[in-house]
Amino acid sequence: MGKIPQEPDISDAYDPSFVETKWQERWLVSGTNHTDLAGATKPFYALMMFPYPSAEGLHVGNLFAFTGNDIFARFQRLQGYDVFEPLGYDAFGIHSENYALKIGEHPGELIPSNIRNFRRQLERAGLMVDWRHTLSTTDPEYYKWTQWVFLQLLKQGLAYKKSAAVNWCPNDKTVLANEQVIAGACERCGAMVEQRQLEQWFFKISDYAPRLLSNLDTLDWTDSTRTAQRNWIGKSTGAEVEFKIDLDVDMSVKVFTTRPDTIFGATYLVLAPEHLLVDVVTTREEFDSVRDYRAMTAKQDLTSRKTSKEKTGVFTGSYATNPATGQPIPIWIADYVLMEYGTGAIMGVPGHDERDFEFATRYELPIVRVVAAEGHDASTPLDTAFVDNEDAVLVNSGAFDALSVEEGKRRITAMLETNQQGRGVNIYRIHDWCISRQRYWGPPIPIIYCDACGTVPVPEEDLPVLLPYVKEFKPDDSGISPLARHEEWYRVPCPKCGASARRETDVSDTFLDSAWYFLRYPSVGVDDQPFEPGMTKKWLPVTSYIGGNEHAVLHLLYSRFITMVLCDGGHLDFEEPFTKFRAHGMIVREGAKMSKSRGNVVTPDTYMEEWGADTFRTYLMFLGPFEEGGDFRDKGISGVRRFIERLWSSVKSCRSDGEPDADVMRKLHQTIRKVGEDIPRLSYNTAIAAMMEYMNVLRRGERVPHRAEVEPVVQLISPFAPHVAEELWEQLGRAESVFDSGWPGFDASLAAENTIELAVQVNGKLRGTLQVSPDITQAAALELALSEPGVSKFVTGTPRKVVFVPKRLLNIVV
RNA sequence: GCUCGGGUGGCGAAACCGGUAGACGCGAGGGACUUAAAAUCCCUUUCCCGCGAGGGAGUCCCAGUUCGAGUCUGGGCCCGAGCACCA
């Protein structure tokens, strides 16, 4: 084996920083990355989740995601689409504000410099972003329309204000959304969350629960993302049942149950301690104990209430009538019943619910069996809740005895409906979206409070309500926004009557900023409407969306909700924003999560400096499946760099005379097919492996590669390593950008193998292989196989059976 | 507890519809070139037995279906993520 006869001239050596600088400038000058939004005929909107521009700069995880999207986008462009790949910044929010407080600067000054740094890094990475359409959520030109979105919800009756028990973080001194509370602690700082009562703005996302749920079936999303959303929306099917209170008043307790079939076993009722009817049903004798119990539970924060293992409660002194049995059952209050779910009241069926069993045992309430395994003795006492509904039937349930659980649910619900004692309902776990934040760094909620006119929306023509520059923006624990300390800002005349009024001083949740940004990108620069109808019709919904799994529930759900609302309001003609969504994986380093404290954070700048952006990008995509992430190992990068250098020298030294090698060309066309199949599946790691494999074939033996053998590879690699690809494309004498050259043609006849390896098995065990024509017959293959001693020695007598899979294997069963 | 992922060489990983397990890359070992080193190039590299030809075992564990199972079915163990007193 000799060497490939090429002593690279030193001037031909691959210098990434030269190549990358050259092409980034060239792209800028010729507008290569610009999309003709108005003139596009085959629009392809390749969106990635926009980053929060942190002071630390671009994280390798950001770059992993953006590169993955960029490859897909560039590939679609090579397929002939007009690809739009915008990128902006999600720069409002607690994160920026806390960081600014920590280092004693103002976010209004910090963010622009962070954005400049991000922009520099993103350009360095060679993304095909059309920077004419960038945006930042902190720009008044942007948040003017975030405020407009709020006003649309208000107009459509979907925004309302209420006093609510909210999660209060004593450390960040702000209200948190339910989703920002992880196991009772603040998601950001880890402090234990307390309960507080505050006036808050809410969006009625719960009204949209059925649609948010049913539309999921129409989306090209992975099952895991859709399941996460389904679980979050949390649909339960059951019945609402009214239990008449045995008092002089004509009132009843409404409960929700998923098990109406067990109503004959309901031996008591439980109200949540804060339930309004508690005042009605508490008797004089029980007044003190009920009052004390309510006071005790009110003090508890949500956390200790949800994690306390012992169930406690007190009797109210009153009874209600079980509508099925006609028997009086006691009404209790207990903290295991939550006011915010269902009706805030339950029927206790200790025989068939583990929690009720525990409670009834503790307080010696009657336990009745109403479901039993078929043929089982219905009078056997229960020593645990019986919840196995497979092949079980109702017992002790009057006319409903012997029905299956499912049939019992239907028939008993129908009976309750007939008697006007209840009805079948679906209820949802999802809560309305609290968007108020008692913070500084966000868009002010566009509302004015007037003594005479009440709550008055800021007229649309007065938007934006500018966030004032205030030096003192640190929140305190008064629960009011920092803006409320700035009278010169919040004192305004009422837009209706002109009298002295005051502004809402809360700002809105960052999730609102990001719930509509994808609508804005095509219309960046349009100043009289949030999204221009023509552009919107052409470019939306988003063709392909890529982002992190951590947003699989909230951001995606809020975006879907806002899109539906805007659709219902007549502003959009589609109700689902993201036709296709894929979540990328996470990058770890040497098997461990990257973190500052571990000191194992990969700084993209240093790696791009050392290896070049092309190598870094390609390595990130090579280290594991894009949707799963991978393990970043410094040692691994060199292999990718070697691969790029081999391609570089092969192209530099290629010949145009003579004919290409048929075997090499066969492998080339197989590679074109493989890469073209892998990229749309986001199987980038295997696409790169296929190209490496091809390079190994190309460079085998002492031969100078032919131009036809290398030129298409430049196109194949271009989505991954765009700068090198452009440089080599130019070297090959091409005038246009490689990204306007189209995807290399695939010729199936050139890719076809003329001999294949056929595996020969005896009883399923591999005993040899045959080099044969792909269309060999079973008989010919069998004869050939039996002539091999390595095979025939295992075959005694006539085979009982022969299995032949064309182009794959021959299995002889003896 | 429930839901969703995942478990394959020394390591990152491939195997797309049930058909030759370990492609590709890293690391390691050996060699060529070199005064030497780096770089580059070539060979070997799942484990066990064997000088070799070859044989045996092997994809977390235990069963099953099948001519054939990493892949399908049932049961179990472990890791990761999300939800969780949701009636």
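For clarity, every value in this text was computed on a predicted model and none was experimentally measured. So that the names make sense, note that chain A is the first sequence line, chain B the second, and so on, each numbered from 1.
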How many whole angstroms separate atom [atom1] of [X] from atom [atom2] of [N]?
| X | N | atom1 | atom2 | answer |
| --- | --- | --- | --- | --- |
| Asn763(A) | C67(B) | CG | P | 11 Å |
| Arg362(A) | C85(B) | CZ | P | 18 Å |
| Arg230(A) | G5(B) | CZ | C1' | 16 Å |
| Lys807(A) | G18(B) | NZ | C1' | 19 Å |
| Asp335(A) | A87(B) | CG | P | 18 Å |
| Glu627(A) | G80(B) | CD | P | 22 Å |
| Ile587(A) | A81(B) | CD1 | C1' | 17 Å |
| Phe794(A) | C67(B) | CZ | P | 21 Å |

Could you measure between the two [atom1] atoms, the one in [N] and the one in [M], and give it in whole Å?
| N | M | atom1 | result |
| --- | --- | --- | --- |
| C4(B) | G75(B) | P | 14 Å |
| U71(B) | C17(B) | C1' | 10 Å |
| G68(B) | G19(B) | P | 15 Å |
| G1(B) | A69(B) | P | 34 Å |
| A87(B) | A23(B) | P | 50 Å |
| C16(B) | A21(B) | C1' | 15 Å |
| G70(B) | C83(B) | P | 36 Å |
| A36(B) | G31(B) | P | 14 Å |

Practice item. In sequence, state the C-alpha distance, the side-chain angles, and the governing distance for Asp663(A) and Lys667(A), and then conclude on salt bridge (Lys or Arg N to Asp or Glu O under 4.0 Å). Key: CA-CA 6 Å; Asp663(A) 288 336; Lys667(A) 185 72 183 171; over 6 Å; no
**Study point:** Chi class for G9(B): syn within 90° of 0, otherwise anti
**Key:**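 Glycosidic conformation of G9(B): syn.
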Point to revise | Where the chi angle of C79(B) falls, syn if within 90° of 0 and anti if not | key: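 Because its glycosidic torsion lies more than 90° from 0, C79(B) adopts the anti conformation.
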[N] pairs with which nucleotide, Watson-Crick or G-U wobble, both distances below 3.5 Å?
| N | answer |
| --- | --- |
| G50(B) | none |
| G9(B) | none |
| G18(B) | none |
| A23(B) | none |
| G80(B) | C4(B) |
| C41(B) | G31(B) |
| A36(B) | none |

Point to revise | 5′-ward residue of the pair Asp678(A)/Ser236(A) relative to RNA chain B | key: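 Its nearest nucleotide lies further toward 5', so the answer is Asp678(A).
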Review point. Mapping Leu623(A) and Lys793(A) to their closest nucleotides on RNA chain B, which lands nearer the 5' end?
Key: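 By nearest-heavy-atom nucleotide position, the 5'-most residue is Leu623(A).
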Review point. Can you give one letter per nucleotide of nucleotides 19-27 of chain B, going 5' to 3': B for a protein heavy atom under 4.0 Å from the base, S for sugar-phosphate only, - for none?
Key: BB--BBSSS
Quick one: is [N] close enough that its OP1 or OP2 comes under 4.0 Å of any side-chain N or O from [X]?
| X | N | result |
| --- | --- | --- |
| Lys765(A) | A57(B) | yes |
| Arg699(A) | C41(B) | yes |
| Arg767(A) | G56(B) | yes |

Donor-acceptor pairs under 3.5 angstrom involving side-chain atoms of residues 756-773 of chain A: please list them, not counting sequence neighbours.
unit_1: Glu757(A); atom_1: OE2; unit_2: Gln771(A); atom_2: NE2; d: 3.4
unit_1: Asn763(A); atom_1: OD1; unit_2: Val814(A); atom_2: N; d: 2.9
unit_1: Ser773(A); atom_1: OG; unit_2: Asp775(A); atom_2: N; d: 3.2
unit_1: Ser773(A); atom_1: OG; unit_2: Asp775(A); atom_2: OD1; d: 2.9

Review point. Hey, is the side chain of Lys311(A) pairing donor to acceptor with the base of C85(B) inside 3.5 Å?
Key: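 When only heavy-atom distances are counted, Lys311(A) does reach the base of C85(B) through a donor-acceptor pair under 3.5 Å.
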Review point. Would you say the side-chain atoms of Tyr293(A) pair up with the backbone N or O of Asp335(A), donor to acceptor, closer than 3.5 Å?
Key: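 Yes.
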Check your understanding: Within 45° of the ring axis of Trp221(A) and under 6.0 Å from its six-membered ring centre, is that where the NZ or CZ of Arg560(A) lies?
Key ->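 Yes, Arg560(A) lies over the aromatic ring of Trp221(A).
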Practice item. Using the ring of Trp232(A) (Phe, Tyr or Trp, six-membered ring only), decide whether Arg429(A) places NZ or CZ under 6.0 Å from its centre and within 45 degrees of its axis. Key: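 Checked: cation-pi criterion met.
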Practice item. Please tell me which of the listed nucleotides, C16(B), U3(B), C83(B), lies nearest to the side chain of Arg681(A)? Key: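 Among C16(B), U3(B), C83(B), the one nearest the side chain of Arg681(A) is C16(B).
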Check your understanding: Are Trp648(A) and Tyr14(A) close enough, and set up right, to give a ring pair (Phe, Tyr, Trp, His ring centres under 6.0 Å), and what steps lead you there?
Key -> CA-CA 7 Å; Trp648(A) 175 275; Tyr14(A) 170 50; 5.0 Å; yes
Review point. Are Phe359(A) and Trp332(A) close enough that their ring centers fall under 6.0 Å?
Key: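 Between Trp332(A) and Phe359(A), which both carry aromatic rings, the centre distance is below 6.0 Å.
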Point to revise | Centroid-centroid under 6.0 Å between Phe622(A) and Phe720(A) rings | key: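 That pair fails the under 6.0 Å test.
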Check your understanding: Between Arg230(A) and Asp217(A), does at least one N-O distance fall below 4.0 Å, as a salt bridge requires?
Key ->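 A salt bridge is present here (some side-chain N lies under 4.0 Å from a carboxylate O).
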Check your understanding: Residues two or more places apart in sequence or in another chain: which of them pass salt bridge (Lys or Arg N to Asp or Glu O under 4.0 Å) with Arg808(A)?
Key ->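 If we apply the salt bridge (Lys or Arg N to Asp or Glu O under 4.0 Å) test to Arg808(A), skipping adjacent residues, there are no hits.
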